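Excluded from the calculations below are hydrogen atoms, water molecules and symmetry mates; all remaining heavy atoms, backbone and side chain alike, are included. Given the structure is predicted, the values throughout are model-derived calculations rather than measurements.
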Amino acid sequence: MKEEKKFQAESKELLGLMINSIYSNKEVFLRELISNASDAIDKYKFTAIQSEGKLPIKDYFIRIDKNQEQRYLQVQDNGIGMTKEELEKNLGTIARSGTKEFLKKYEEMKEKKEDVDLIGQFGVGFYSAFMVAKKIEVYTRVYGGKTHLFASDGVESYTVEDIEDESIIPDSGTIVRVYLKDDTDEEKYGAYLLDYSIEDLVKRYSDFIRYPIKMVETHKEDDLDEEGKPIEGKTHDVTEDKTLNSMVPLWKKNKKDVTDEELYEFYKSRFDDYEDPLIALNIKAEGTLEYSALIFIPSHAPYNLYSQDYEKGLALYAKGIFISEKNKDLVPDYLKFVRGLVDSEDLSLNISREMLQKSPLLSKMAKNIEKKIVEKLKELKENDYEKYLKFFQVYGDFLKFGIYSTYGAKKDDLQDLLVFDSLLSEKKISFKDYVDKLKEDQKNIYYASGKTKESILMLPEMKHYKDAGIDVLLLCENIDEFTLQVLGDYASHSFKNITEEDKDSLSDDEKKQIEDLVNNNKRFVDDMTSSLKGKVDEVTFSLKLGDAPVSISSKNGLSLNMENTLNNQAEARKEPESKVKATKVLNLNPNHPLFEKISKVQDEEEVKKIASVLYDEAMMLEGFEIEDKQEFLKNLNDLLTKAY
């Protein structure tokens with residue numbers, strides 16, 4: 001009995017997009033149908049192995065047939081097939097769990113005028129055939145079940161019915177029959193029925209499908225005379241059942257036979273990207289653990305990389321059989337942006353898929369793959385620094401996270417991959433670059449942190465280091481300073497924040513000079529300290545402030561920037577008692593003309609106003625907002641009024 005059903009409103013909208021907007025290249029419909037056929041065989045093959053003989057093992061195939069008279073092209077597989085319920089669920093309701101998300105994403109990309117090419121996402125691949133079809137029929141059967149027929153013109157409705165003729169599909173599988181649209185001046189749909197056109201599309205898009213894609217081809221050959229010589233003007237048709245694809249997955253081929261171009265094309269096709277990957281790795285591991293892997297680092301971060309919905313992982317195959325699309329155990333969190341697949345002959349299929357994914361062999365493969373990726377990044381940094389800088393701009397924070405999140409366990413692997421802007425260099429430099437140019441008596445690696453490179457360069461202390469020819473690393477990301485704290489040192493050189501109190505770097509004469517300044521100005525220093533109670537813990541002098549009258553520093557390892565980062569986290573905002581507090585030191589410049597004036601002030605209220613203004617100025621120089629702008633302006637105006 002034939003049942004007619006209406007598409008849901010969202011499905012109709014998505015169908016319209018599929019047919020008219022989304023796919024920029026109509027010919028990919030054949031790739032999508034072949035990919036679906038391959039997936040169906042994968043599922044059958046895995047199920048048959050698990051069934052303990054209940055399902056027969058087959059000679060798996062995908063077959064393409066064409067009919068010039070009825071203008072249809074069909075793709076057939078002998079895979080898992082679908083029940084009537086699965087047929088309606090999978091084809092009657094397009095991308096049932098992802099339609100809204102797909103439509104939302106499509107509209108967002110349209111508004112941004114981005115290239116919309118979402119092939120394969122949200123399960124819409126089958127409907128790409130409606131770009132070239134005026135009608136599609138799907139015959140399908142599960143092993144031991146009935147044959148069912150789904151038919152639709154892709155406009156309003158579809159029908160589902162049972163088919164009595166079981167010879168159409170002898171045991172299990174699916175046939176997708178695409179009735180092509182009529183040719184127009186702009187589109188020659190009939191070209192998809194030509195042998196050479198079909199063969200070209202299969203080679204271009206589906207050559208690595210590991211099941212034979214067969215098609216009967218007919219070509220002409222010359223008639224031969226008795227001596228075996230061609231007879232001029234006389235030919236005959238020769239029919240050949242031809243396998244169109246190589247059937248050797250790219251990752252199974254000899255490394256020397258695989259070009260970078262093939263790797264790039266595979267990546268773009270497999271992961272629906274419009275750009276070549278930044279890095280492509282073809283790994284062949286042999287010995288105690290054997291596996292093949294194709295690993296890619298995209299040129300740009302996936303749009304949802306920083307969202308909670310993003311899923312890391314590599315596709316996993318065992319003996320060529322698909323296991324899972326994203327196995328999260330195959331890549332560490334700090335390499336979550338990596339894409340690719342792994343296929344191993346060592347993984348056993350005689351256990352459940354869940355057990356397989358927790359196999360200790362996976363852990364060994366994961367460690368090896370991680371090592372290969374890190375080695376490749378070091379090689380890139382050494383041989384193509386400009387390209388490495390492009391990588392670091394996109395993914396550098398993940399490497400820092402790799403050090404920080406493992407409490408330094410990845411230090412030796414990752415520290416030489418980190419690069420930073422610096423005071424004396426036009427390009428980002430590594431720790432090794434910095435150490436190679438250390439001053440003769442320099443013990444520390446100096447750095448300063450802030451929201452931007454420009455704000456860091458404005459720090460009062462910076463002039464002292466520039467004049468002395470001492471480089472300073474400029475840390476602009478929140479994670480930078482935490483990463484350096486976990487590292488502790490590099491090549492036995494400690495990291496030192498230039499805004500942190502650093503008495504050890506002072507000479508004996510400088511220490512004595514500051515001690516005398518504090519003693520000789522004890523009343524003023526005490527009054528300043530008292531006025532800023534709760535804001536700073538100490539008021540002292542610095543000889544490194546150049547033209548600035550004041551600066552603020554910290555001690556005991558927690559900088560102002562780290563304090564701000566930690567207190568802006570969600571937990572600290574919810575629970576004020578959990579906030580951290582840096583030990584702040586207000587540094588006065590004894591060589592600035594302003595100090596000579598303010599150090600003579602006796603009025604207690606005026607000292608409070610001076611202290612408050614200088615504190616706000618110091619915080620501004622550090623890149624922070626003034627907490628109470630009205631108070632700052634009032635104090636400033638009062639002091640200016642008194643001065644004039």
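Side-chain polar atoms of Y60 and N78 form no donor-acceptor pair below 3.5 angstrom. Y334 and E370 share a donor-acceptor pair across their side chains, judged by distance under 3.5 Å alone. Residues E166 and T147 have side chains that never bring a donor and an acceptor to within less than 3.5 angstrom of each other. Looking only at atom types and distance, the side chain of D42 has a donor-acceptor partner in the side chain of Y211 under 3.5 Å away. A side-chain donor-acceptor contact under 3.5 Å links E275 and H300.
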Handout entry: Check against side chain to side chain contact (heavy atoms under 4.5 Å, CB included), R270 and L341
Key = CA-CA 10 Å; R270 172 80 185 229; L341 57 86; 3.6 Å; yes

Exercise for the section: Please lay out, stage by stage, how K326 and K328 fare under the test side chain to side chain contact (heavy atoms under 4.5 Å, CB included). Expected result: CA-CA 6 Å; K326 289 185 178 178; K328 64 181 182 181; over 6 Å; no

Practice task
Go through the steps to decide whether F401 and F398 satisfy the test ring pair (Phe, Tyr, Trp, His ring centres under 6.0 Å), and finish with yes or no.
Solution key: CA-CA 5 Å; F401 176 76; F398 287 95; 7.6 Å; no

Practice task
Apply side chain to side chain contact (heavy atoms under 4.5 Å, CB included) to L244 and I198, showing your working.
Solution key: CA-CA 9 Å; L244 306 182; I198 295 169; 4.2 Å; yes

Practice task
Go through the steps to decide whether E221 and H219 satisfy the test side chain to side chain donor-acceptor pair (under 3.5 Å), and finish with yes or no.
Solution key: CA-CA 7 Å; E221 288 187 4; H219 62 274; 3.2 Å; yes

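With ring centers used as reference points, Y192 lies under 6.0 Å from F29. In this structure, the ring of Y127 has its center less than 6.0 angstrom from the ring center of F130.
With a 4.5 Å cut-off on side-chain heavy atoms, F266 and W251 count as touching. For the pair R63/M215, no side-chain contact is recorded, criterion being any heavy-atom separation below 4.5 Å from C-beta on. Within the 4.5 Å cutoff, the side chain of I136 has no heavy atoms near those of the S152 side chain.
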Result block: side-chain N/O donor-acceptor pairs under 3.5 angstrom for residues 167-180, not counting sequence neighbours:
{"from": "S167", "atom 1": "OG", "to": "D165", "atom 2": "OD1", "distance (Å)": "2.5"}
{"from": "S167", "atom 1": "OG", "to": "D165", "atom 2": "OD2", "distance (Å)": "3.3"}
{"from": "D171", "atom 1": "OD1", "to": "K58", "atom 2": "NZ", "distance (Å)": "3.3"}
{"from": "S172", "atom 1": "OG", "to": "K58", "atom 2": "NZ", "distance (Å)": "2.5"}
{"from": "S172", "atom 1": "OG", "to": "G79", "atom 2": "O", "distance (Å)": "2.8"}
{"from": "T174", "atom 1": "OG1", "to": "T140", "atom 2": "OG1", "distance (Å)": "3.0"}
{"from": "R177", "atom 1": "NE", "to": "Q74", "atom 2": "OE1", "distance (Å)": "2.8"}
{"from": "R177", "atom 1": "NH2", "to": "Q74", "atom 2": "OE1", "distance (Å)": "3.0"}
{"from": "Y179", "atom 1": "OH", "to": "E137", "atom 2": "OE1", "distance (Å)": "3.3"}

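A salt bridge between D162 and K2 is absent, with no side-chain N of the basic residue lying under 4.0 Å from a carboxylate O of the acidic one.
When each of L294, I283, V331, L314 is checked for a side chain to side chain contact (heavy atoms under 4.5 Å, CB included) with V342, only L314 meets the rule.
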